**Q** 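Take a look at the following structure, please.
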Protein chains: 2
Amino acid sequence: MDTLEKVFEPDVLSANCPSRTLFNHVTSRWGVLVLIALQNDTMRFSELRRKIEGVSERMLSQTLKLLEEDGFVDRKAFDVVPPHVEYSLTAFGQEVSKRVRELASWIEGNLGDILAAKQP
Amino acid sequence: MDTLEKVFEPDVLSANCPSRTLFNHVTSRWGVLVLIALQNDTMRFSELRRKIEGVSERMLSQTLKLLEEDGFVDRKAFDVVPPHVEYSLTAFGQEVSKRVRELASWIEGNLGDILAAKQP
DNA sequence: GGAAGTACATACAAAAATGTAAGTATGGAA
DNA sequence: TTCCATACTTACATTTTTGTATGTACTTCC
């Protein structure tokens with residue numbers, strides 16, 4: 001074994017670990033929904049906006065930009081008027097999307113039981 | 001087949017679907033970390049606070065209360081002085097925790113590659 | 001006897017997230 | 001010719017989130 005390995009172990013529970021920042025972006029209010037919406041499709045801005053009920057244009061573009069910077073979303077702009085831009089997931093994006101989708105699906109699939117178990 | 005089935009299909013992309021609310025709680029800034037921290041342990045309030053770097057007492061108790069109401073966290077209080085309270089995951093909580101952990105682990109495990117792929 | 005630890009609640013303040021409205025350049029439909 | 005659609009950005013206002021400080025009631029350690 002190499003004596004100089006494992007100098008740094010990523011951990012989302014550590015306040016200043018870069019993985020925490022990425023994790024926050026991915027699990028952000030609109031970030032999770034963008035990842036889910038783009039899972040199997042390439043979509044245009046306004047299509048995304050219609051699919052993700054409740055996002056404002058401002059939040060959607062902000063979220064897309066953040067996920068693009070992190071390397072999870074790919075943005076392809078065509079230089080035409082009116083504007084035409086297509087969003088899709090990168091390979092990394094698909095990996096995280098898959099996991100976010102599994103969480104969402106579990107909640108959706110067990111919603112009845114979860115709600116039934118709540119008292120208040 | 002029953003003609004009266006599937007009247008309602010839960011979908012986190014729908015603004016007013018109850019699954020969206022649950023999903024938001026679970027993926028909230030501190031919610032994800034609480035779920036991860038409690039995954040294999042029963043912990044006291046101050047232990048959790050130390051483990052989850054950066055949470056304030058206020059946010060931690062607020063998050064725990066929310067997750068308890070949703071039925072993901074179990075709170076056991078002993079009537080002694082000084083106070084003693086133990087937090088753990090319910091069966092539902094363990095299911096969501098598992099999925100949140102998988103997402104976090106993927107990011108932690110691929111952190112180097114993800115950061116290397118970023119331009120800015 | 002004073003300080004620290006426990007699990008919070010509460011009031012107040014500051015910071016961050018989000019929404020709203022308007023603007024841009026242009027093409028096509030009514 | 002007026003309005004809608006496209007993909008945004010920017011300024012401004014509001015809302016939500018988060019942090020800070022303090023208090024509580026009592027026990028144990030120094």
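As the structure is a computational prediction, the values presented were derived from the model and not from experiment. In what follows, chains carry the letters A, B, and so on, assigned in the order in which the sequence lines appear, proteins first and then strands, with residues in each chain numbered from 1. The basis for the numbers below is simple: all heavy atoms, side chains too, and nothing from hydrogens, waters or symmetry mates.
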**Q** Keeping to residues at least two apart or across chains, list the side-chain hydrogen bond (donor to acceptor under 3.5 Å, both in side chains) pairs with something in residues 9-21 of chain B.
**A**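 Sorted result for residues 9-21 of chain B: empty, none.
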**Q** For nucleotides 13-19 of chain C, print each protein N/O atom paired with a nucleotide N/O atom at under 3.5 Å, atom names and distance only.
**A**
| unit_1 | atom_1 | unit_2 | atom_2 | d |
| --- | --- | --- | --- | --- |
| dT18(C) | O4 | R58(A) | NH2 | 3.3 |
| dG19(C) | OP2 | S56(A) | OG | 3.1 |
| dG19(C) | O6 | R58(A) | NE | 3.0 |

**Q** Strictly under 3.5 Å: I want the nitrogen or oxygen pairs between protein and nucleotides 1-8 of chain C, one per line.
**A**
| unit_1 | atom_1 | unit_2 | atom_2 | d |
| --- | --- | --- | --- | --- |
| dT6(C) | OP1 | R50(B) | NH2 | 3.1 |
| dT6(C) | OP2 | R50(B) | NH2 | 3.3 |
| dT6(C) | O3' | R44(B) | NH2 | 2.9 |
| dT6(C) | O3' | P83(B) | O | 3.1 |
| dA7(C) | OP1 | R44(B) | NE | 2.6 |
| dA7(C) | OP1 | R44(B) | NH2 | 2.9 |
| dA7(C) | OP2 | S46(B) | N | 3.2 |
| dA7(C) | OP2 | S46(B) | OG | 2.6 |
| dC8(C) | OP1 | R75(B) | NH1 | 2.3 |
| dC8(C) | OP2 | R75(B) | NH1 | 3.2 |
| dC8(C) | OP2 | Y87(B) | OH | 2.4 |
| dC8(C) | N4 | E57(B) | OE1 | 2.4 |

**Q** Could I get the full list of side-chain contact (heavy atoms from CB on, under 4.5 Å) partners for D74(A), not counting sequence neighbours?
**A** K76(A), S88(A), T90(A)
**Q** Once side-chain contact (heavy atoms from CB on, under 4.5 Å) is applied, do any residues pair with R75(B), and if so which ones, sequence neighbours excluded?
**A** E68(B), A77(B), V85(B), Y87(B)
**Q** Per the side-chain hydrogen bond (donor to acceptor under 3.5 Å, both in side chains) rule, what does the pair list look like for residues 104-117 of chain B, sequence neighbours excluded?
**A**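 Of all non-adjacent pairs touching residues 104-117 of chain B, those that pass side-chain hydrogen bond (donor to acceptor under 3.5 Å, both in side chains) are R101(B)-S105(B).
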**Q** Does anything in residues 26-73 of chain B pair up under ring pair (Phe, Tyr, Trp, His ring centres under 6.0 Å), and if so which pairs, sequence neighbours excluded?
**A**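 Qualifying pairs, neighbours excluded: none.
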**Q** Who are the side-chain contact (heavy atoms from CB on, under 4.5 Å) partners of S28(B), not counting sequence neighbours?
**A**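 Listed in chain order: nothing, the list is empty.
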**Q** Charged N to carboxylate O under 4.0 angstrom, K98(A) versus E95(A)?
**A** yes
**Q** Pairs of donor and acceptor atoms involving the side chains of residues 52-64 of chain A, under 3.5 Å and at least two apart or interchain, shall be tabulated with distances.
**A**
| unit_1 | atom_1 | unit_2 | atom_2 | d |
| --- | --- | --- | --- | --- |
| E53(A) | OE1 | A15(B) | N | 3.1 |
| S56(A) | OG | M59(A) | N | 3.2 |
| S61(A) | OG | R58(A) | O | 3.3 |
| T63(A) | OG1 | M59(A) | O | 2.7 |

**Q** Under 4.5 Å side-chain heavy-atom separation, chaining through any Ile, Leu, Val, Met, Phe, Trp or Tyr, what else clusters with V80(B)? Say none if it is isolated.
**A** F78(B)
**Q** Looking at residues at least two apart in the chain, or sitting in another chain, which of them share a salt bridge (Lys or Arg N to Asp or Glu O under 4.0 Å) with K51(A)?
**A** D41(A)
**Q** Distance under 4.0 Å to a non-hydrogen atom of chain A counts as contact; along DNA chain D, which nucleotides mark the start and end?
**A**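 Nucleotide range in contact with chain A: dT6(D) to dA11(D).
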